[in-house]
Amino acid sequence: MEWKIDPAHSSVQFSVRYLVSTIHGRFTGLRGPVRLTDATQGETPELVSFEADFDVTSVESGAPLRDKHIQGEDILDAASHPEATVRLVTLSKDVPPTYLMTVELTLRGVTRAVDLVADTAGPLPDAYGVLRVGATATGRLKRSDFGITAFQGLISDDVEFTVDVQAVPASVPDDQLPPAN
């Protein structure tokens, strides 16, 4: 069955050590297709594929000046690379409903494979009767793998991140979904 990401209920969060504490942030407005196996009554559909695009200028870290810096040439270079993409490459079932997956993450125009662990849920109807499925995937990457090398020694190379996705059937019109911001 064809689904699509609900941007208002999906995001990518990150955390990275800066000097003596950890900075947290998130990107919003994820969009893209999700494909699940067809399931009969009482069965849980299985994830087949997904791809999520998001605007890197949607970054929110709780400090507007820091957000502007993260968007800048030193970190994400949003002027040259305004979008990032997460695309499923491989998937294997661990202990249901957990999956081990490898995604291709494209950031700053650089694409690298990243391993994630994902927990899935649904399908369940929301308060308006719209069927929803979801997943939370967590992983770790090295920012230097994406050409982000500014401030080495001040900002950790290791970045923890989480992708939270809620999807609805592709047939649900966008104007029936809440706005992303």
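Glu160 CD to His24 NE2: the interatomic distance, rounded to the nearest 0.5 Å, is 10.0 Å. Taken from CG in Leu36 to CE in Met1, the straight-line distance is 8.0 Å, to the nearest 0.5 Å. Going from atom CD of Gln166 over to atom CG of Asp6 covers 6.5 Å, rounded to the nearest 0.5 Å. With rounding to the nearest 0.5 Å, the separation of CG in Leu76 from NE2 in His69 is 10.0 Å. Taking CZ of Arg35 as the reference point, atom CG of Leu88 lies at 13.0 Å (rounded to 0.5 Å). Taken from OG in Ser49 to CD in Glu51, the straight-line distance is 9.0 Å, to the nearest 0.5 Å.
In the hydrophobic clustering of this structure, Ile148 groups with Val110; members are Ile, Leu, Val, Met, Phe, Trp, Tyr whose side-chain heavy atoms approach within less than 4.5 Å, directly or through other members. Cluster membership check: Leu100 does not share its hydrophobic cluster with Leu141, using side-chain heavy-atom separations under 4.5 Å among Ile, Leu, Val, Met, Phe, Trp and Tyr. Cluster annotation: Ile70 and Leu154 are assigned to the same hydrophobic cluster (Ile/Leu/Val/Met/Phe/Trp/Tyr, side-chain heavy-atom contacts under 4.5 Å, transitive). Tyr128 and Val168 fall into different hydrophobic clusters, defined by Ile, Leu, Val, Met, Phe, Trp and Tyr side-chain heavy atoms under 4.5 Å apart, directly or through other members. Note on Val16: it clusters hydrophobically with Phe54, by side-chain heavy-atom contacts below 4.5 Å among ILVMFWY residues.
Screening residues 144-154 for side chain to side chain donor-acceptor pair (under 3.5 Å) gives Ser144-Asp157 as the qualifying pairs, with residues at least two apart or on separate chains.
For Leu19, the CG atom is densely surrounded, since the number of other residues' heavy atoms within 6.0 Å is greater than 12. Residue-environment remark: CD (Glu73) stays at or below the threshold of 12 foreign heavy atoms within 6.0 Å.
Scanning both residues, Pro173 and Lys4, for their nearest heavy atoms gives C-NZ, 4.0 Å. Closest approach of Ala79 and Pro82 over heavy atoms only: O-CD, 4.5 Å. The two residues Val130 and Pro169 have their closest heavy-atom pair at CG1-CD, 4.5 Å. In this structure, Phe27 and Val56 approach most closely via the heavy-atom pair CE2-O, 3.5 Å. Considering all non-hydrogen atoms of both residues, Val159 and Phe14 come closest at CG1-CB, 4.0 Å.
With sequence neighbours excluded, the residues satisfying salt bridge (charged side-chain N to carboxylate O under 4.0 Å, His left out) with Arg87 are Glu104. Take Tyr18 and apply the ring-ring contact (aromatic ring centres under 6.0 Å, His included) test, not counting sequence neighbours, and it matches no residue.
For Phe146 and His81, the ring centers are positioned 6.0 Å apart or more.
At least one side-chain heavy atom of Phe161 sits under 4.5 Å from a side-chain heavy atom of Leu116. A 4.5 Å side-chain heavy-atom check between Leu105 and Arg112 finds every atom pair outside the cut-off. Val34 is listed as a side-chain neighbour of Leu47, based on a closest heavy-atom distance under 4.5 Å. Arg143 is listed as a side-chain neighbour of Ile155, based on a closest heavy-atom distance under 4.5 Å.
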Q | Asp158 and Lys142: CA distance, side-chain angles, deciding distance, side-chain contact (heavy atoms from CB on, under 4.5 Å) verdict | A | CA-CA 5 Å; Asp158 293 322; Lys142 295 218 175 278; 2.6 Å; yes
Q | Test side-chain contact (heavy atoms from CB on, under 4.5 Å) applied to Met101 and Leu91, step by step | A | CA-CA 4 Å; Met101 62 176 61; Leu91 178 71; 3.9 Å; yes
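Partner Arg66 forms a side chain to side chain contact (heavy atoms under 4.5 Å, CB included) with one of Ile23, Ile75, Val59 and no other, that one being Ile23. Test Leu30, Val133, Thr120 against Val165 for side chain to side chain contact (heavy atoms under 4.5 Å, CB included) and you get one pass: Leu30.
Side-chain contact of Ser10 with Asp164: a donor-acceptor pair under 3.5 Å is absent, judged by distance alone. Side chain to side chain, Thr85 and Asp53 meet the donor-acceptor criterion of an N or O pair below 3.5 Å.
Not a single donor-acceptor pair under 3.5 Å links the side chain of Ser61 to the backbone N or O of Gly25.
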